[in-house]
Amino acid sequence: MLYKTQGLRMAVDIIKLTAEKAPNFIDITDRIAEIIKKSDITNGLAVVFSKHTTAAIKINENEPELIKDMEMFLARLSPPDADYHHNNFDVRTVNMEEDECPNGHAHCQHLLLSASETIPVMDGKLQLGVWQRVFFVELDRPRERQVLIQVMGE
Ligand code: ZN
């Protein structure tokens, strides 16, 4: 999609993905770069936004040993097997789905991360540092997820 506004253009695309496990750091940098290329916007901003409360967007280094550390860090701060009020389905009445899963740990881990990252785009390229990559971070369980990419600029 391409919108024409007053001198400012905007392109929107959605990345759909399903993690293999949780937590799972999935590098989506190349897919975002492809969307920017398609948008034909050369200078502006890219907003990468997770439409979920238990899946985050975060910039970090894609180094497999570090990813293990980051997964352990999240599990230490908010272990899946700890007690969470959100997981007490005998008491809870709000936002209950038919396939509701106990995922209090994933919400708490998400507090430390974020739903989005904003990345400058110049000369048609994401202006990331040498070791910076954009990750979709699944915190809950494998399920279909959507990441919205909005590119604004000229
Ligand atoms: Zn939940």
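Whatever order the structure lists ligands and atoms in, that order sets their numbers, starting from 1. None of the values given here were measured: they were computed from a predicted structure.
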Tell me whether the count of non-hydrogen atoms from other residues, nucleotides or ligands lying under 6.0 Å of CZ in F89 goes above 12. yes
Using distance alone, with no hydrogens and no angle criterion, decide if T54 and R145 have a side-chain donor and acceptor under 3.5 Å apart. yes
Remaining members of hydrophobic cluster (4.5 Å side-chain criterion), V94: none
Verify the cluster assignment for I15 and L126: are they in a single hydrophobic cluster under the rule of side-chain heavy atoms below 4.5 Å apart? yes
Keeping waters out of it, list the protein N, O or S atoms under 2.8 Å from the Zn ion (ligand 1). H86 NE2, N103 OD1, H107 NE2
Is the CG atom of D83 crowded by more than 12 outside heavy atoms at less than 6.0 Å? no
If only atom types and distance count, is the side chain of T29 paired as donor or acceptor with the main-chain N or O of V134 below 3.5 Å? yes
